Amino acid sequence: MTDRVPSSPKMSARGVNVSYGGTPAIQDVSIDIDMENVTAFIGPSGCGKSTFLRTLNRMNDTIPSAKVTGDITLDGEDIYSAAMDVVQLRARVGMVFQKPNPFPKSIFENVAYGPRIHGLAASRPDMEAIVERSLKRAGLWDEVKDRLSDSGTALSGGQQQRLCIARAIAVDPEVILMDEPCSALDPIATAKIEELIHELRGRYAIVVVTHNMQQAARVSQRTAFFHLGQLVEYGATDDIFTNPRQERTKDYITGRYG
Amino acid sequence: MNSARTPTDWKGTAMQARIRRRYRSERAFKLAGLAAVILSAAFLAFLLVTMAWNGAGGFTRTEVALKLDFPAMALPVTPTQLRSPAADLALSGAGLKNAVETAGEGWVSDSAWMKVRDAIKADPSMLGRSQVIWLPASPAVEAEMRGGPDAGLEVHVLQSRGLVRTGFNLDFLTASNSTDPTAAGIWGALKGSLLTMLVTFLIAFPVGVLSAIYLEEYAARNRWTDLIEVSINNLAAVPSIIFGLLGLAVFLGTFSLFGHTIGPLFPRSAAVVGGLTLALMIMPVIVIASRNAIKAVPPSIRDAAYAVGASRVQVVFHHVLPLALPGILTGTIIGMARALGETAPLLLIGMRAFIVTPPEGFTDPSTVLPVQIFLWSDEVSRGFIEKTSAAIIVLLVFLLAMNGLAIYLRNKFETRW
């Protein structure tokens, strides 16, 4: 669980500002996200960590008042440029949300939806293979293989969240953004998701937003601390938690506020 | 904490009185609600029972067996004439109507001679002999059979000889309007209503739902969309007769100026014009209901679809619309039910004409069920009272069938999340 030496960054942000209807939410954030490590964003509520996460796959586009400036690149390509197709971007940069949100469709359809709209499966057996592989990677296959036609919403909360991860994996993304993926789950389901994040590490660049500092320490190799819309400190998780350079980080880690 | 407060006395008299008051007000509220339900159920039952009572007569018909002595009538028609297409004209020219009326002595209806005419055409050899034919009874006989006033027609004598019978009146469901209540039927108006509703649905549903989708999913929130929203809400409250005037001015007035190009597509009294007018009327209702249904789709579902890379159209058609469909259908039912019962705007575009043949297409002159009810309720002839109630029953059955279909569809598409 040590910090592997990052190669060239998968995604990098330079001087990113986000405002909602003129009110700034994020100021001048610059960060690199690499393939080899799980990156955790921590910080108190309202510090802008989720907002920043949503700029990475342009989910903020769905909010009319949101305005993003600065440069964000994926493999060196500017994701806010006119040449970037937002639909393709979101397939390459998948997202898992705070509250499990499976479609009110069958388990199979939940996973197959992404590959279908992107035309990733040539035939029915192809699609079945994609669904099986995705569910296996999400650690859900053994629990649902006999009831793929049941509704996705009939699963337990933890299973629903893993189904959402399988859905994100199914389109073969390069980056997976997780917005507090365990905050609606019980400790056992949380442990399963954390285990899953470990297993997915290396195959995908993973960014996890979390409120829970223990979780950040457990799952991530790199941690970014956000406060009041600013990136205060970014570095190896071990350093952030044992030897923070900034006073504010130290106060947050030791529980003075947050 | 040093509490100087005396502990609350939960068993004290004031507290007990409060509890009693609370239970009393809850009981009173429950009773008031129950009374309201009973009252509305009683009104509904009263309406249905009255309609069924009065309308039953409209579905039955009394017939009288009349012996017609054709040789004695000596109708001046030749067998050649009877085989020719002009047989109807020849028979009425030969005085068949008067002959049947004389033989009927007030027992048979005014239109009975047409039945005789059809019988002669089917079997011309009849003219050479005496023949017993069952003919529709006159309104006076009908009324007396149902215990009405005695018109001095000795109906009981006929009855004792088995010359009167009462049975289901299939003609009511297959015939169209007539000045003679015994011959008047509902089919023309029913078909007119069907065609009109079809036009209304085909225009109002897609246009209404697409407007709602655009306003909810695509349109920016600015002064223009606010204006549109206010206008739609106002339109939903505009009295229906105003829409009738609009239909008259636009579809019959303006479009007729285009002469032979599109003018003939919008004739007076036609189902297409009625349907378009009603579509304008119910569109705001469908837009409002659809927008509310679309708004009620959880944003998390949209997020989920966007996050796997669905485009806006895919999000709308794969996720939002299926989830909003039950609500959209509910709004559509309400709108269509309102359109089906609407009379005033259709009077203005000429759908109150006296039309004896059922419409063949959307541009044929036709009437609709509520207008037919209105017209019959205005008639002086006694037989039309029953016809009016019977037509109301047909209208209510139509309405129930339409709503039943919509509820079936809604339950079919209902998904829980």
Side-chain angles (χ1 to χ4, degrees), chain A residues 21 53-54 56-65 85-106 109-120 134 151-154 160-161 163-173 176-179 184, chain B residues 209 211-229 290-330 409-417:
Chain A
L53 191 76
R54 291 170 69 95
L56 297 178
N57 67 345
R58 290 179 59 177
M59 281 299 280
N60 282 330
D61 288 14
T62 60
I63 303 165
S65 63
D85 177 52
V86 67
V87 161
Q88 234 175 51
L89 170 72
R90 289 189 192 132
R92 292 172 65 188
V93 183
M95 192 161 195
V96 175
F97 297 85
Q98 185 172 2
K99 207 177 129 234
N101 55 355
F103 299 129
K105 296 174 192 272
S106 71
E109 281 304 312
N110 261 286
V111 183
Y113 182 71
R116 178 168 303 136
I117 59 174
H118 295 294
L120 301 184
S134 308
S151 172
T153 52
Q160 287 189 18
Q161 195 62 301
L163 178 62
C164 292
I165 293 173
R167 183 175 62 191
I169 290 172
V171 289
D172 209 15
I176 299 177
L177 310 175
M178 299 189 181
D179 190 357
Chain B
V209 172
S211 313
I213 290 173
Y214 183 82
L215 288 173
E216 275 307 313
E217 299 286 331
Y218 287 90
R221 293 269 172 280
N222 57 30
R223 207 180 302 165
W224 291 109
T225 42
D226 285 351
L227 191 71
I228 289 171
E229 182 160 0
S290 304
R291 285 188 70 174
N292 287 336
I294 289 169
K295 252 184 230 161
V297 174
S300 64
I301 297 292
R302 272 174 247 254
D303 280 349
Y306 279 125
V308 293
S311 67
R312 223 169 208 190
V313 174
Q314 285 168 334
V315 171
V316 169
F317 283 94
H318 295 169
H319 301 284
V320 174
L321 213 50
L323 291 175
L325 203 56
I328 292 175
L329 284 176
T330 306
L409 287 175
R410 191 178 63 192
N411 290 345
K412 204 177 145 187
F413 291 122
E414 191 116 66
T415 8
R416 275 170 287 277
W417 59 80

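Lettering follows sequence order; numbering is per chain, from 1. Fair warning: this is a prediction, and the values are worked out from it, not measured in the lab.
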Worksheet entry | A/Arg116 versus chain B, the contacting section by heavy-atom distance below 4.5 Å | neither

Worksheet item: Is the Lys NZ or Arg CZ of B/Arg312 less than 6.0 Å from the centre of B/Tyr218's six-membered ring, within 45° of the axis?
Response: yes

Fill in: Proximal component of B/Ala305, with respect to chain A [non-hydrogen, under 4.5 Å]
both

Worksheet item: Any donor and acceptor pair, going by atom type alone, linking the side chain of A/Asn101 with main-chain N or O of B/Ser300 inside 3.5 Å?
Response: yes

Worksheet item: Distance-only, no hydrogens or angles: does the A/His118 side chain make a donor-acceptor pair with backbone N or O of A/Gln88 under 3.5 Å?
Response: no

Worksheet item: Quick one: of B/Ser311, B/Ala304, B/Pro299, B/Ala310, who has the most non-hydrogen atom pairs under 4.5 Å with chain A?
Response: B/Ala304

Worksheet, complete the sentence: Most heavy-atom pairs under 4.5 Å with chain B, out of A/Thr62, A/Asn57, A/Val86, A/Asp61, belong to A/Thr62

Fill in: Shortest non-hydrogen contact from B/Ser290 toward B/Ala212
CB-CB, 3.4 Å

